[in-house]
Trainee: 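This is the structure I want to talk about, given as structure tokens.
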Amino acid sequence: MFAQDSAGPEEGGHEVQVWAGAGHSVAGGTSRTGIFDLGLRYGWVITGAHLPGILRGRFEYAVDAVPAYLIFQPANTAYAVGFNPLGLKWNFERRGRLSPYLELSGGVLFSNHDIPAFTNTVNFSPSAAFGTHILGEKYNWSVELRYLHISNAGLGTNNPGLNTVQVRVGAGRFWKRGKH
């Protein structure tokens, strides 16, 4: 069925993934707002395994292109595109077919309407996630819970921010040069 040696995060490896996420606003910012986003990821597994016990894992650096953000606000629905040049990911040691991870990331998004309403069309998007890759013979799935903050970081006079919790699902592949 699934080979035990299927590709996962390993030093010198690469990750490519298509992902989609959806969620809703939570306390600490603008309320009654939903979000859907769709993106593409490219990652580089930089290190071999480090740390002892359950913390053991590998560091990965990743970038995301986000061609579709839909932000469903009470005043309107905003469409945005984004780029996340900072993706710091800790891939914990593989457990069978599962490869859990923690991630901190950030970037910028540009929208056709203010996000939140009456603020700005340029915003920053720091986030944190906990998830797992489900490793297959050739392709992998990922499922994660992500906290995403969107705000203009003071570029505008009004900056209430938007805090969301999302569920994100991805399909992709890990590979190492010379292996297909």
Side-chain angles (χ1 to χ4, degrees), residues 7-26 29-30 33-47 57-73 77-92 98-116 120-136 138-153 155 161-177:
E10 55 183 83
E11 183 177 7
H14 302 269
E15 177 186 15
V16 65
Q17 184 184 77
V18 176
W19 54 261
H24 202 273
S25 57
V26 295
T30 304
T33 302
I35 186 169
F36 171 81
D37 50 355
L38 178 70
L40 306 165
R41 163 163 291 187
Y42 191 87
W44 297 265
V45 182
I46 307 258
T47 70
R58 294 165 178 81
F59 177 70
E60 178 181 348
Y61 178 79
V63 296
D64 288 321
V66 191
Y69 274 102
L70 289 172
I71 294 92
F72 305 98
Q73 308 177 104
T77 297
Y79 173 78
V81 297
F83 177 64
N84 298 334
L86 180 65
L88 307 175
K89 188 172 172 185
W90 186 256
N91 293 296
F92 291 98
L98 301 180
S99 180
Y101 59 87
L102 288 174
E103 179 183 320
L104 295 174
S105 64
V108 63
L109 60 99
F110 305 93
S111 59
N112 67 336
H113 294 294
D114 290 348
I115 302 171
N120 210 354
T121 58
V122 177
N123 283 281
F124 300 94
S125 56
S127 67
F130 173 71
T132 189
H133 292 286
I134 303 163
L135 304 172
K138 190 170 183 180
Y139 298 102
N140 308 309
W141 289 96
S142 67
V143 179
E144 69 183 35
L145 191 61
R146 178 173 293 270
Y147 176 84
L148 172 66
H149 174 75
I150 296 174
S151 80
N152 64 40
L155 292 177
L162 170 61
N163 300 313
T164 65
V165 172
Q166 292 186 310
V167 173
R168 187 182 281 185
V169 176
R173 179 175 181 195
F174 285 99
W175 81 93
K176 207 168 173 181
R177 290 208 191 277

Trainee: Are Trp19 and Leu38 packed together at the side-chain level, in the sense that at least one heavy-atom pair is separated by less than 4.5 angstrom?
Mentor: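 The answer is no; the side chains never approach within 4.5 Å.
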
Trainee: State, with a plain yes or no, whether a side-chain heavy atom of Leu98 is found less than 4.5 Å away from one of Ile134.
Mentor: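 Leu98 vs Ile134: side chains touch.
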
Trainee: Do Leu155 and Phe124 touch side chain to side chain, with heavy atoms closer than 4.5 Å?
Mentor: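 Of all side-chain heavy-atom pairs linking Phe124 with Leu155, at least one is under 4.5 Å.
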
Trainee: Is the shortest heavy-atom distance from the side chain of Pro116 to the side chain of Gln73 under 4.5 Å?
Mentor: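 Result yes, sub-4.5 Å side-chain heavy-atom pair found.
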
Trainee: Once rounded to the nearest 0.5 Å, what's the spacing between atom CD of Gln166 and atom CD1 of Ile35?
Mentor: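 The CD atom of Gln166 sits 5.0 Å away from the CD1 atom of Ile35.
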
Trainee: Within a 6.0 Å radius of atom CH2 on Trp141, are there more than 12 heavy atoms belonging to other residues, nucleotides or ligands?
Mentor: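 No, the 6.0 Å shell around CH2 holds no more than 12 heavy atoms from other groups.
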
Trainee: Does Glu15 come within less than 4.0 Å of Arg173, counting only side-chain N to carboxylate O?
Mentor: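 No, this pair does not count.
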
Trainee: Should the ring pair Tyr42 and Trp175 be called parallel, tilted or perpendicular, given that the plane angle runs from 0 to 90° and is split at 30 and 60?
Mentor: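 Tyr42 vs Trp175 ring planes: perpendicular.
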
Trainee: Does the plane of the ring in Tyr101 sit parallel, tilted or perpendicular to the ring in His133? Use 30° and 60° as the thresholds.
Mentor: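 The arrangement is tilted - the two ring planes meet at 30° to 60°.
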
Trainee: Please examine the side chains of Pro9 and Val45, heavy atoms only from C-beta on, and report whether any two atoms are closer than 4.5 Å.
Mentor: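 Yes, their side chains come closer than 4.5 Å.
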
Trainee: Quick one: do Asn152 and Val122 satisfy side-chain contact (heavy atoms from CB on, under 4.5 Å)? Show the steps, please.
Mentor: CA-CA 6 Å; Asn152 64 40; Val122 177; over 6 Å; no

Trainee: Which distance, rounded to the nearest 0.5 Å, do you find between the OG1 of Thr121 and the CG of Asn112?
Mentor: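 Reported value, rounded in 0.5 Å steps: 9.0 Å.
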
Trainee: Is a side-chain N or O of Thr47 found less than 3.5 angstrom from the main chain of Phe59, in a donor-acceptor match?
Mentor: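 It does hold such a pair.
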
Trainee: Would you compute the distance between atom CZ of Phe174 and atom CG of Leu135 and round it to the nearest 0.5 angstrom?
Mentor: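 Reported to 0.5 Å precision, the distance equals 7.0 Å.
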
Trainee: Could you pull out all residues at least two apart from Asn84 that satisfy side-chain hydrogen bond (donor to acceptor under 3.5 Å, both in side chains)?
Mentor: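 Listed in chain order: Ser125.
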
Trainee: Can you tell me how far the OG atom of Ser151 sits from the CG atom of Asn120, to the nearest 0.5 Å?
Mentor: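 Reported to 0.5 Å precision, the distance equals 10.0 Å.
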
Trainee: Between CG of Asn91 and CD of Glu10, what distance do you get to the nearest 0.5 Å?
Mentor: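 It comes to 11.0 Å.
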
Trainee: Find the distance between OG (Ser111) and OH (Tyr69) and round it off to the nearest 0.5 Å.
Mentor: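 Here the interatomic distance stands at 11.0 Å.
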
Trainee: Within the 4.5 Å heavy-atom criterion, are Leu88 and Tyr61 side-chain neighbours or not?
Mentor: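 They are in side-chain contact.
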
Trainee: Go through the steps for Ser127 and Ser105 under the test side chain to side chain donor-acceptor pair (under 3.5 Å), then give the verdict.
Mentor: CA-CA 5 Å; Ser127 67; Ser105 64; 2.7 Å; yes

Trainee: Which atom names give the shortest non-hydrogen contact between Pro85 and Gly107, and what distance separates them?
Mentor: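 Smallest interatomic distance, heavy atoms only, reads CD-CA, 3.8 Å.
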
Trainee: Taking salt bridge (Lys or Arg N to Asp or Glu O under 4.0 Å) as the cut-off, I'd like each qualifying pair that reaches into residues 139-148, sequence neighbours left out, listed once.
Mentor: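 Qualifying pairs: Glu103-Arg146, Glu144-Arg146, Glu144-Arg168.
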
Trainee: With the side chain counted from C-beta on, respond yes when Leu109 and Ile115 share a heavy-atom pair under 4.5 Å apart, and no when they do not.
Mentor: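 Answer yes - side chains close enough.
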
Trainee: Give the minimum heavy-atom separation between Val81 and Pro67, together with the two atoms involved.
Mentor: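 Of all heavy-atom pairs spanning Val81 and Pro67, the closest is CG1-O, 3.4 Å.
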
Trainee: Side chains of Ile71 and Thr77, heavy atoms from C-beta outward: is any pair under 4.5 Å?
Mentor: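 Result no, sub-4.5 Å side-chain heavy-atom pair not found.
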
